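In what follows, a structure is listed as structure tokens, so that the remarks can point back to it.
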Amino acid sequence: MDENIQLVASTAPHLRDEDSVSMIMYSVVWALVPATLSAVYFFRGQAVGIILTCTIAALVAEVLAQRLRGVPATLWDGSALVTGLLLGLNMPPTVPLWMAALGSVVAIVIGKQVFGGLGHNPFNPALVGRAFLLAAFPVQMTKWIAPFDAVSASTPLAQGAGGIYGYGHLYLGLVPGSLGETSAFALLLGALYLLYREYIDWRIPVGYLGTVAVISLLAGQDPLFQLLSGGLMLGALFMATDMVTTPITRAGRWIFGIGAGVILMVIRLWGAMPEGVTYSILIMNGLTPLLNRWTRPRIFGHGGVKAQ
Amino acid sequence: MDISWLSMISMGVVGAFFALVLAYASNVFAVDTDPRAEAIEEILPGANCGACGFSGCSGFAEGVVTGKAEVSGCPVGGANVANAIAEVMGIAAPADVKRKVAQLLCAGDCEQAKNRAEYNGVADCRAALLAGGGVKMCTYGCLGFGSCAVACPFGAISMDEKDLPVVDEDLCTGCGICVEACPRDLFQLVEEQQGVHIRCRSFARGKEVRQACAVGCIGCRRCARECPEEAIEMVDNLAVINYEKCTNCGACVAVCPTNTIHWQKDKPEVEKLVAVG
Amino acid sequence: MSNSLRMVIVLTITAMLSGLVLSYAYEAANTYIQRNEEAKLRLVILDVLPGAETYETLASKTQPEIPEDDVTLSEAPPTQQLIPVYRGLDKNGKEVGLAFIVENPGYGGLIRFIAGIDTRSNTLTQIQILEHKETPGLGSKIADAPFREQFSGKSIADPFVVGQDVDGISGATVSSKAVTDGLRTTIQEVMKRHGKRG
Amino acid sequence: MSTLFFIFIGALLVNNFVLVRFLGICPFLGVSRQLETAVGMGMAVTFVMTLSGIVTWVLQHYVLSPFGLAFLQTLLFILVIASLVQFVELFLRKMVPVLYRALGIFLPLITTNCAILGLALLVAQREYDLIQTVIFAVGAGLGFTLALVIMAGIREEMQFAPIPESLQGAGIALITAGLISIAFSGFAGLVPM
Amino acid sequence: MPAPAKVILSLQQHTGGPSKPLVEVGQEVKLGQKIAEASSFISASLHASVAGKVVEIAPHPHPTGGEVTAIVIENDGSDEWAEGIGPKGSLDSLTPEQIREIVKEAGIVGLGGAAFPTHVKINPPPDKPIEHLVLNGCECEAYLTTDHRLMMERTEDIAFGGKALAKALGVKKVIIGVERNKPEAIEAFREIAARDDLFQVESLEVKYPQGAEKQLIYCLFGREVPSRGLPADVGVVVQNVATAAAVADAIKKGWPLIKRVITVSGTGVQEPKNVEVRLGTPVKDIIEFAGGYKGTPGKVLMGGPMTGVALHSTEVPVMKGTSGVIVFPREEVKQYDPAPCIRCGRCVDACPAYLMPVTIANFAEKGMLQEANQYGAMDCIECGCCTYVCPAKRFLLHWIQLAKHQLLALKRQTG
Amino acid sequence: MVFNLVKDFWNGVWDENTIFKLQIGMCPTLAVTTSAQNGLAMGLATTFVLVCASTLVSIVRKLVPKEVRIPVYIVIIATFVTIVDLFLKAGFPDIHAVLGIFIPLIVVNCVILARAEAFAGKMPVHRAASDAFGFGIGFMVALLVLGSIREILGMGTWFGMQVMPANFVPWSIMVLPPGAFISLGFVVGAVNLISRRSAAGSRSS
């Protein structure tokens with residue numbers, strides 16, 4: 001027996017799960033493929049241009065920011081790709097390409113890298129990018145066109161329930177809106193895959209969508225219409241479920257989803273903003289550290305059945 | 001009535017009223033406080049801006065007295081205030097004490113000291129000890145994960161490319177935090193002018209030391225015999241310098257077969273009273 | 001002298017001195033301040049009432065009186081409070097129109113604007129935004145010519161509804177509506193009170 | 001009733017003192033490193049804000065307005081607030097030590113907290129009545145607390161993050177505040193203000 | 001497997017104080033002779049696992065990495081039993097005190113892994129009445145199959161040992177908990193339970209860490225052992241099935257604990273198997289017996305893959321608590337480079353003690369010990385679930401262990 | 001003597017710049033810097049109050065008992081603030097309208113009280129004045145820088161003049177609250193970087 005073998009020393013456990021950060025990130029990318037395809041199908045060349053611009057700008061910004069920070073580049077962990085893609089799907093189809101690129105840069109730099117990169121950002125980077133653009137260029141960011149043609153049109157939400165778009169239109173995505181948000185069908189398809197892989201927690205979308213449905217019922221609105229219109233599906237399934245910026249406890253995730261639903265409905269019912277998904281999630285992102293603190297699970301053996 | 005009279009009177013009344021109330025309140029509600037805290041509060045800028053992270057200047061002053069705040073913790077006051085506070089707290093270093101700096105007593109870098117296994121775990125010395133006691137074959141030497149460098153609040157310790165910590169003597173304040181931080185007890189505070197150091201802490205027998213490390217002390221005693229000041233003694237297979245006697249002559253350095261003894265030649269020879277008397 | 005007494009005296013004297021200084025400063029500045037305000041008001045009134053040389057104040061917004069019996073609040077919309085109204089006169093002292101200041105909450109805060117009515121033709125002369133806190137580049141367009149100018153020459157009997165007779169600013173419905181709503185209600189109010197009878 | 005509700009929500013969320021009006025930024029940046037301290041500070045500010053709101057309202061309505069001394073507003077208000085804060089501090093320390101330990105240590109910080117004076121000036125400017133003033137003060141104080149608590153939560157997490165060296169401290173705190181401010185801009189237009 | 005040429009019997013084979021040697025270098029010892037005795041209340045005796053000559057009493061590598069004094073005996077091959085080794089009489093004739101004494105003299109410790117001295121465990125303080133004895137047949141770690149084999153081959157002995165332990169504890173019910181993936185074992189115990197009312201068999205869900213004492217108790221009785229408490233606090237004592245078998249040996253045959261069954265397995269060994277080995281056998285001899293390495297070995301574990309210790313050297317001997325030796329070839333050993341935490345919360349979901357591992361690890365990394373303590377660092381059972389599930393491959397448990405270590409040191413320092 | 005004065009001055013402008021280094025007096029900095037002109041005006045107003053208050057405090061420093069020190073200083077400061085307020089309202093009503101309640105709020109700008117307490121209350125008049133002037137200028141520079149950045153990006157103009165190309169789309173977020181926070185955050189970071197670099201440079205040379 002060779003006694004010069006060098007063994008590996010490490011502490012337990014010596015087995016690890018197969019999942020990795022980049023696997024999760026690329027799975028999200030895969031899950032966004034149906035929504036991306038629907039965006040390209042409905043909005044054609046514009047969609048391709050905007051989504052490509054966003055993703056490329058995000059990747060470039062990631063590399064440059066990491067070089068500036070003097071840390072090793074982690075381009076291939078897929079996180080910048082997810083951010084870029086999500087931001088792209090959140091863009092209105094008519095937005096100028098430079099604006100899309102600026103949004104990506106803001107998302108990556110201000111949303112993520114200044115906080116120390118992946119895992120340390122308090123807010124969802126893609127939403128930071130979108131909210132930044134919304135505040136900076138409110139006109140260009142709220143210009144909508146109908147699918148398949150360049151005729152400007154208003155979104156179903158702006159028209160209100162009973163507008164020209166029925167549930168079928170909403171479900172399939174045949175409505176004006178951001179590139180990737182229109183087709184509930186495509187989004188659900190991707191989200192089901194992520195749920196199956198357990199890469200997103202069902203509590204958040206269920207809490208979020210459930211709250212929206214309940215409140216719209218109570219407020220005398222059409223719940224199904226509220227669920228299917230605007231960026232709610234995209235937000236609830238892909239942005240509110242972003243691991244980094246949501247609570248790590250189960251109870252915290254419930255509160256996160258419900259809180260986001262309440263804020264969204266408050267904004268939709270009484271606010272002036274055209275759409276509240278972005279803000280509802282951002283605000284709950286801000287509350288996430290507090291939720292983590294306040295929903296600490298009761299430790300095993302503390303307050304259980306006491307000794308007889 | 002003329003507006004100037006009005007304003008004078010109203011301001012006067014309000015001013016007098018509050019002055020009275022405060023004078024009354026400060027007498028009635030007087031509470032004893034630590035005189036040092038008050039003295040520090042005197043020194044502080046009194047802006048109550050909260051930039052120190054404490055609740056205002058009095059909070060900070062209390063923090064200093066109770067040891068929760070650094071004397072230099074007031075960003076508004078700057079160095080002058082910090083010095084004045086240090087004076088109140090009586091912690092300004094007396095000038096006549098010889099400065100001590102941290103000295104690493106191991107030379108077993110990643111080339112000299114052999115590994116017995118590969119390590120895959122947290123890059124922290126104390127944590128590495130948990131994974132089977134460190135992967136170096138030598139169980140006394142530097143683990144090379146730089147817990148000391150992380151612990152040093154003055155940035156005086158950096159890890160060299162061979163994973164051995166290097167002390168920047170200019171930055172070192174001799175606070176002793178690294179001495180505490182090293183799980184292998186490899187740091188010692190030594191007076192600044194001492195230039196000869198035996199950089200090994202292994203009490204293992206010579207044979208084992210040779211197996212584990214190329215620069216470890218094998219306990220050959222040559223240095224002890226060579227030293228004109230009898231400043232080196234042997235403790236459990238290890239040569240140890242008595243800095244009280246050492247004069248930085250470097251005689252031991254020449255005879256050490258394993259190059260364990262290091263000599264920083266720029267340090268002046270030390271005149272030792274002990275050696276003379 | 002006791003410490004407390006010294007405290008009181010020093011603080012009192014300081015306060016009195018500063019009161020004195022400030023009263024002189026105030027008197028010195030006040031004339032300019034009033035002159036500024038009058039000049040500014042005059043400028044806009046004469047601007048929205050073409051042909052007017054002078055004006056007289058019919059009603060001005062002063063310190064609101066708080067009704068004795070209702071300390072909580074008045075549920076009434078702000079337009080029913082006393083609206084500052086000015087009557088523009090030509091060089092012959094004949095009325096050319098009425099100017100009035102409208103305040104209505106917009107998206108970012110109160111929008112304050114002045115509007116003029118040509119009482120001879122019962123049409124709006126023009127509106128001018130005096131103050132607003134709307135989103136720059138979006139709601140702030142209420143102060144830009146394209147939006148404002150569509151009101152010039154409109155009959156005061158018009159409905160003033162965004163989307164019907166007024167083109168709103170796209171993406172800034174709240175701001176646009178704040179202007180039209182305020183205008184509609186205030187015109188009625190002003191005409192009721194100060195309009196030529198008969 | 002609805003006006004009071006709007007005043008409250010407006011001060012709490014829509015025109016949050018810290019995030020939108022930029023009042024009380026110094027303590028917001030200084031005392032938001034720890035959650036416990038943030039809560040204490042927020043409560044203390046809310047308390048003093050309400051108290052000074054009432055006192056300055058009385059002064060405005062019974063001294064300044066009737067005598068035409070509006071130009072003394074700043075001077076009088078700050079004098080009142082400073083004395084009030086000091087008095088409350090002395091009072092609590094002696095009479096209610098429990099409350100003093102919870103709030104009192106934050107009181108000195110509040111004298112130069114522009115949110116307090118800002119509130120007094122805004123109340124005078126907007127000609128609120130007494131009840132509106134109280135609601136406004138409580139809303140603004142809670143809004144300050146909310147911003148402070150969110151910030152503290154995020155900053156407690158941040159201590160584990162490898163934030164670029166030059167941004168550490170105030171830089172990243174300001175950027176975070178900016179992002180919270182963006183998030184809060186979603187509430188815009190909720191309330192006719 | 002045959003007795004090795006040399007056994008290395010570490011004085012620290014168990015939880016508690018090290019044993020005190022009773023022999024000197026050069027002394028001849030017989031098989032089963034007591035060579036070291038318990039030094040304190042929580043400690044255990046040690047017996048010669050071969051007959052021969054004591055050649056060394058010196059520090060020797062210990063599985064945990066350091067060096068611990070060990071008694072090295074050179075085997076003379078005679079396997080001659082020491083005097084006085086023989087049956088202790090029928091169970092009915094023994095009093096609870098006598099059973100405890102036999103167990104103590106035999107140096108029996110928990111064989112599941114923790115190696116807590118058994119005689120201490122079956123002697124609970126009078127203020128904590130024990131209602132149930134649980135025989136732990138949940139071998140939840142991958143690769144390890146020793147208990148499974150024991151339960152099938154020595155069912156009667158385990159039952160006998162369980163009965164003896166029950167008598168010592170004075171309990172009326174012995175619950176045998178076995179995971180569902182061992183149906184033959186469940187069947188075998190059901191037969192015994194059918195004829196003896198004392199026993200009750202529970203088949204349990206297969207999940208890790210089902211075999212951890214506190215989790216097993218929770219699963220069986222719905223009671224949580226209080227933080228930092230013992231199972232006795234909820235009226236339960238848990239014993240591993242292997243321990244029960246050893247107790248049976250001690251009573252029926254008078255054998256002290258000198259050998260045990262261990263699993264030799266893993267993808268890096270030629271013939272995975274369960275072997276009965278003498279305590280003190282060097283790991284390399286065992287691997288050789290199992291046909292040697294398959295490929296270049298990368299990791300040799302003592303214990304299971306989730307909680308076992310990675311060995312630095314195969315010179316280290318088998319201990320009383322060693323349940324297996326697992327070898328992974330070089331190419332299967334991944335070197336993990338931790339990525340930043342993405343706060344997925346999987347560690348929180350996975351923790352059987354309901355802790356927030358990532359938070360504790362973060363605090364540990366920053367040296368914030370008090371905060372780590374507040375978040376329950378000391379309640380960690382070190383099952384490794386958090387680290388297993390972490391997609392960022394962070395060394396969560398390693399940091400928590402460090403925090404626990406430092407907290408304990410701090411506690412010792414401040415008294 | 002002169003050297004001392006210069007040192008006092010420079011200390012406030014750079015070494016202990018209120019905004020960049022001490023992070024106090026942030027409220028007006030964030031609130032009024034929607035344009036370079038507003039920033040400049042606010043900076044000038046603050047400088048005026050700072051210099052006057054410090055000078056006066058230094059003059060009367062021996063007359064004031066220490067218990068009422070703070071209230072007296074506050075009264076002095078508030079007086080000058082009101083004078084500035086009235087002056088602006090009389091002379092520059094437009095600027096006054098924009099700066100709004102942040103003019104009276106100069107009174108609670110910690111910088112002023114801090115300098116009065118920490119420096120002017122202990123130093124002779126000339127040093128107090130030069131120290132206050134330094135801090136005032138430092139504050140003004142910070143406001144000017146921030147105001148310029150926000151105005152150029154947010155409106156495409158600088159002091160009202162168009163400086164960006166005609167097809168530039170203004171980033172309205174820059175003149176909104178979030179833009180204030182974010183740009184100040186980056187400016188503070190940049191200043192840190194510069195002073196760190198220069199400190200490192202002087203250490204190595």
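These figures come from a predicted structure and were not determined experimentally. Convention: sequence-line order gives letters A, B, ...; per-chain numbering from 1.
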Heavy-atom distance under 4.5 Å to chain A: side chain of [X], backbone, both or neither?
X	answer
E:Val389	backbone
E:Leu397	side chain
E:Cys344	both
E:Met306	both
E:Asp349	both

Heavy-atom distance under 4.5 Å to chain E: side chain of [X], backbone, both or neither?
X	value
A:Glu198	backbone
A:Ser22	neither
A:Leu118	both

Taking the six-membered ring for Trp, are E:Phe328 and E:Tyr293 closer than 6.0 Å centroid to centroid?
no
Check the pair E:Lys393 / E:Asp337 against side-chain contact (heavy atoms from CB on, under 4.5 Å), numbers first and verdict last.
CA-CA 7 Å; E:Lys393 310 296 171 205; E:Asp337 187 16; over 6 Å; no
Using a strict 4.0 Å threshold on nitrogen-to-oxygen distance, state whether [X] and [Y] make a salt bridge.
X	Y	result
E:Lys299	E:Glu332	no
E:Lys128	E:Asp233	yes
E:Glu224	A:Arg298	yes

Relative to the ring of E:Tyr354, is the ring of A:Phe300 parallel (under 30°), tilted (30 to 60°) or perpendicular (over 60°)?
tilted
Hey, does the Lys NZ or Arg CZ of E:Arg223 hover above the aromatic six-ring of E:Phe221, less than 6.0 Å from the centre and inside 45° of the axis?
yes
Within 45° of the six-membered ring axis of E:Tyr375 and under 6.0 Å from that ring's centre, is NZ or CZ of A:Arg296 located there?
yes
When [options] are compared by non-hydrogen pairs under 4.5 Å with chain A, the top option:
options	value
E:Gly303, E:Gly308, E:Ala392	E:Gly308
E:Arg228, E:Gln401, E:Lys334, E:His398	E:His398
E:Gly376, E:Gly384, E:Pro305, E:Cys347	E:Pro305
E:Cys385, E:Pro340, E:Ala353	E:Ala353
E:Gln215, E:Arg346, E:Gln335	E:Arg346

In terms of heavy-atom pairs under 4.5 Å with chain E, which of A:Asp77, A:Asp19, A:Asp17, A:Asp242 leads?
A:Asp17
Passes side-chain contact (heavy atoms from CB on, under 4.5 Å), E:Ile286 versus E:Met1? Steps please.
CA-CA 8 Å; E:Ile286 299 172; E:Met1 82 176 258; 4.0 Å; yes
